[in-house]
Undergrad: 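Below is one structure. I have some questions about it.
Each chain gets a letter, A, B and so on, in the order the sequences are listed, and its residues count up from 1. Below, all heavy atoms of this structure are taken into account, side chains as well, without hydrogens, waters or symmetry copies. Note that the structure is predicted; figures quoted are calculated from it, not measured.
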2 protein chains.
Amino acid sequence: MKPSVGIRDVAQHAGVSNATVSNVLNRPEVVAPATRQRVLAAIEELGFVRNESARQLRAGRSRVLAYVVLDAANPFFTDVARGVEDAAREAGLALFLCNSASDGGREREYLELLHEQRVEGILITPVDAESAQFAERGTPVVLVDRETTNGAHCSVAVDDVLGGELAVTHLIESGHTRIAMVGGPLSIQQVRDRRDGALRALANAGLPADALTVLETKGLQVAEGRGAGERLVGLPSSRRPTAAFCANDLLALGLLQSMTQQGLRVPDDLAVVGYDDIEFAAAAAVPLTSVRQPREQLGRTAAQLLLSENDPDHEHRHVKFKPELVVRASSAVKR
Amino acid sequence: MKPSVGIRDVAQHAGVSNATVSNVLNRPEVVAPATRQRVLAAIEELGFVRNESARQLRAGRSRVLAYVVLDAANPFFTDVARGVEDAAREAGLALFLCNSASDGGREREYLELLHEQRVEGILITPVDAESAQFAERGTPVVLVDRETTNGAHCSVAVDDVLGGELAVTHLIESGHTRIAMVGGPLSIQQVRDRRDGALRALANAGLPADALTVLETKGLQVAEGRGAGERLVGLPSSRRPTAAFCANDLLALGLLQSMTQQGLRVPDDLAVVGYDDIEFAAAAAVPLTSVRQPREQLGRTAAQLLLSENDPDHEHRHVKFKPELVVRASSAVKR
DNA sequence: CTCAGCCGTTAAAACGTTTCAACATCGAGG
DNA sequence: CCTCGATGTTGAAACGTTTTAACGGCTGAG
């Protein structure tokens, strides 16, 4: 182990007091140029690296934000993270990403650690917003892409019911009357909301609720989408939906792939609508119709809200964005 | 601001000394059950959260690893990160992800911060391995997916020259004699290595070096792949390659999309091979032939190497994995 | 020659933990 | 009744910074 050179070593080496070294580090303008040079030289020579723990202990505040992400492998969240980072960076803060990987246990561990680290603030897309007890522990927390049930935090979300409605209304207008909803588990608020939106669209169009076949999946990954595709094709053709609304682009991509493999064409045999409009949605060989969420803006807004928590007159706010339908080839009008 | 309850407050509230509280926290078995209960109750009641800065300052060590990732939006890196996290977690450490987004400036800032934070270790896929001066600053650093030029660090990489060779040999064996290499910028070591592998494949087959048309891109994202596709189609058909080897799956997906949009078929009009074998490669509507790298294992190995740096007899090691070709529909044999 | 004011520097006191040696208390063994 | 070891608890000293108030030296005004 290195002997770990500290501020006092530098001070001694430069023939000044530690206070002066500290000043060079934090308020260079206050110390005489000659001294400053001498100190900087000593720092360089000894390879001194400031100890952030000590600094933070004394100062009481840190310079980092953290975003506990639900699934780092989902491009949607990395896009949100980009927005967060931009905003953080403008405020002179760094961003640490933590991946809960949809695991409540990991999520709790990370939250605990972040609280103990006294980060400036925590952004989180929680595994489960209901059971989520982000008890006020001194560190401000903002929920991302989830609505908070109790009013204990700020939150930034997108209207998922509206999103579901947009998607399914589009399918109905394209001539579909038997529609599948692919997504799950239904314990996830988002999935439920999007389904409810789908049902609302049916109601608006005067279609019966059983025009929607719900195929519940165990998760929101590509593989689940493939599985759903097989289930779908297995249905008797009289009852088989002619269109599918997926809770997620990953599911939609899996579904798409499964269709092609089974020799069915999209959108002719099955129209597909996804959700999130991740970059790969447009890049799919059958470009995917999808419900776009303002991803970067979601992150950016969340970060700004988080930073405003320090204002003395802060009140928790709940921002809700509107999603937008992006029509592409995967849902071309039915002939 | 909260008055911030500390260990002494807990101690006072429970009628014990701070040393005892500390013991309850760190070595519960050493303190009498009755006292322990009392202390735990006090902790609960006051909402005490341990201050990691102070703890770390005193203990000299932290419980986190960091991975500075080149591009969080590239699924390849999130897969590597998963491997890192698994290994870290087994060792009882948490993982913070930092995204340099291919920006040397950000990378430097993050490194600086992480050094100051005295994290247990740093994993990094650097923007530029050559100029990379990760001067020994006391915190161990391991390079991921890059070979280190000087022997100052451990590194874990994959044989990119071999990967390029595998890809292009496959294309040659499928009957192609005019091949494009899509990727860039060439300042990136990986891109160069993969190109060199491609050239080696040509040489092995007795083909001239100009059988390879290098289309250099500005980056490794999907959009760049689309751009390359347009350039490719613009070539006079006598000189147009019948196959493309992309430095990256993102490029390949963009290229694929561009082909379909322009009414060309894959693989009939253009065979495509990607690199990394990210999940979306298999999920593309024309499943993508790709060079697979052992992503999770890459991360896992890097983390283990990092953790071994504390051994007194540690020597820097350079692990190099072999890539593997995964053939799918996008490169079916030419008729 | 004195004094006020300024500038650059410093000693010392925090910040909230962990750790170590020392200290009580108690029951058992002599 | 004394000693000993075991068991639980504690006071105080670190850890490496930042900060505050005070200090000494100088300059220029009176």
Undergrad: Please report, rounded to the nearest Å, how far the C1' atom of dT18(D) is from the CZ atom of Arg63(A).
TA: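 Atom CZ in Arg63(A) sits about 14 Å away from atom C1' in dT18(D).
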
Undergrad: Are any protein N/O atoms closer than 3.5 Å to N/O atoms in nucleotides 21-23 of chain D? If there are, list each pair with its distance.
TA:
none

Undergrad: Round to a whole Å and report the spacing from CZ of Arg61(A) to P of dT19(D).
TA: 11 Å

Undergrad: Go through it in stages, so that I can follow the logic: the residues are Asp79(B) and Arg82(B), the test is salt bridge (Lys or Arg N to Asp or Glu O under 4.0 Å), and I'd like the CA-CA distance, side-chain angles, deciding distance and then a yes or no.
TA: CA-CA 5 Å; Asp79(B) 287 345; Arg82(B) 188 183 319 153; 3.1 Å; yes

Undergrad: Find out whether Val64(B) and Gln117(B) are in side-chain contact, i.e. whether some heavy atom of one side chain is under 4.5 Å from a heavy atom of the other.
TA: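 The answer is no; the side chains never approach within 4.5 Å.
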
Undergrad: Could you go through the side-chain contact (heavy atoms from CB on, under 4.5 Å) check for Glu85(B) and Leu97(B) one step at a time?
TA: CA-CA 10 Å; Glu85(B) 183 161 23; Leu97(B) 287 174; over 6 Å; no

Undergrad: Without decimals, in angstroms, what is the distance between Leu25(A) CG and dG16(D) P?
TA: 15 Å

Undergrad: Take the C1' atoms of the five end pairs on each side of the helix from dC1(C)-dG30(D) to dG30(C)-dC1(D), get both axes, and report the angle to 10 degrees.
TA: 60°

Undergrad: Rounded to the nearest Å, what distance is computed from the CD1 atom of residue Ile7(B) to the C1' atom of nucleotide dT18(C)?
TA: 8 Å

Undergrad: Atom CZ of Arg8(B) to atom P of dA12(D): distance rounded to whole Å?
TA: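 Going from CZ in Arg8(B) over to P in dA12(D) covers 11 Å.
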
Undergrad: So does Arg27(B) get a side-chain nitrogen or oxygen closer than 4.0 Å to the phosphate oxygens (OP1/OP2) of dT19(C)?
TA: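 The answer is yes; a side-chain N or O of Arg27(B) sits under 4.0 Å from OP1 or OP2.
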
Undergrad: Among dT17(D), dC15(D), dC15(C), which is the nearest nucleotide to the side chain of Leu57(B)?
TA: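 Of the candidates, dC15(D) comes closest.
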
Undergrad: Without placing hydrogens or testing angles, list every side-chain donor-acceptor pair under 3.5 Å for residues 70-78 of chain B, not counting sequence neighbours.
TA:
{"unit_1": "Asp71(B)", "atom_1": "OD1", "unit_2": "Ala73(B)", "atom_2": "N", "d": "3.0"}
{"unit_1": "Asn74(B)", "atom_1": "OD1", "unit_2": "Phe76(B)", "atom_2": "N", "d": "2.9"}
{"unit_1": "Thr78(B)", "atom_1": "OG1", "unit_2": "Pro75(B)", "atom_2": "O", "d": "2.9"}

Undergrad: Could you walk me through whether Glu120(A) and Asn310(A) pass the side-chain contact (heavy atoms from CB on, under 4.5 Å) check?
TA: CA-CA 10 Å; Glu120(A) 272 295 290; Asn310(A) 287 341; 3.8 Å; yes

Undergrad: Would you give a per-nucleotide map of nucleotides 4-13 of chain C, 5' to 3', where B means the base has a protein non-hydrogen atom under 4.0 Å away, S means only the sugar-phosphate does, and - means neither?
TA: ----SSBB-B

Undergrad: Evaluate the side-chain proximity of Gln56(B) to Glu52(A): yes if any heavy-atom separation is below 4.5 Å, no if none is.
TA: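 Of all side-chain heavy-atom pairs linking Gln56(B) with Glu52(A), none is under 4.5 Å.
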
Undergrad: When you compare the protein's N or O atoms with those of nucleotides 25-28 of chain D, which come within less than 3.5 Å of each other, and at what distance?
TA:
none

Undergrad: How many Å lie between CG on Asn51(A) and P on dG16(D), as a whole number?
TA: 7 Å

Undergrad: Please give, in whole Å, the distance from dG16(D) P to Arg50(A) CZ?
TA: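 Computing the Arg50(A):CZ to dG16(D):P distance gives 16 Å.
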
Undergrad: Test your reading of the model: is there a side-chain donor-acceptor pair from Asn51(B) to the backbone of Ser53(B), 3.5 Å cut-off?
TA: yes

Undergrad: Please test Arg106(B) against Glu109(B) for salt bridge (Lys or Arg N to Asp or Glu O under 4.0 Å), starting from the C-alpha separation and ending with a verdict.
TA: CA-CA 5 Å; Arg106(B) 287 199 189 192; Glu109(B) 286 176 26; over 6 Å; no

Undergrad: For a 4.5 angstrom cut-off between non-hydrogen side-chain atoms, does Arg146(A) reach Gln190(A)?
TA: yes

Undergrad: So, taking the atom named CG in Leu25(B) and the one named OG1 in Thr20(B), what distance separates them when rounded to the nearest 0.5 Å?
TA: 11.5 Å

Undergrad: Answer yes or no: are there more than 12 heavy-atom neighbours, outside Glu44(A) itself, under 6.0 Å from its atom CD?
TA: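 Not buried by this count: 12 neighbours or fewer within 6.0 Å.
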
Undergrad: Can you name the residues that form a salt bridge (charged side-chain N to carboxylate O under 4.0 Å, His left out) with Asp145(B), not counting sequence neighbours?
TA: none

Undergrad: Roughly how far apart are Leu95(A) CG and Tyr110(B) OH, rounded to 0.5 Å?
TA: 5.0 Å

Undergrad: With heavy-atom distances below 4.5 Å as the criterion, would you say the side chains of Val142(A) and Glu309(A) are in contact?
TA: yes

Undergrad: Quick check on dT18(D): is either OP1 or OP2 less than 4.0 Å from any side-chain nitrogen or oxygen of Asn26(A)?
TA: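 Yes, within the criterion.
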
Undergrad: Can you check the Glu52(A) CD to dC15(C) P distance for me, whole Å?
TA: 19 Å

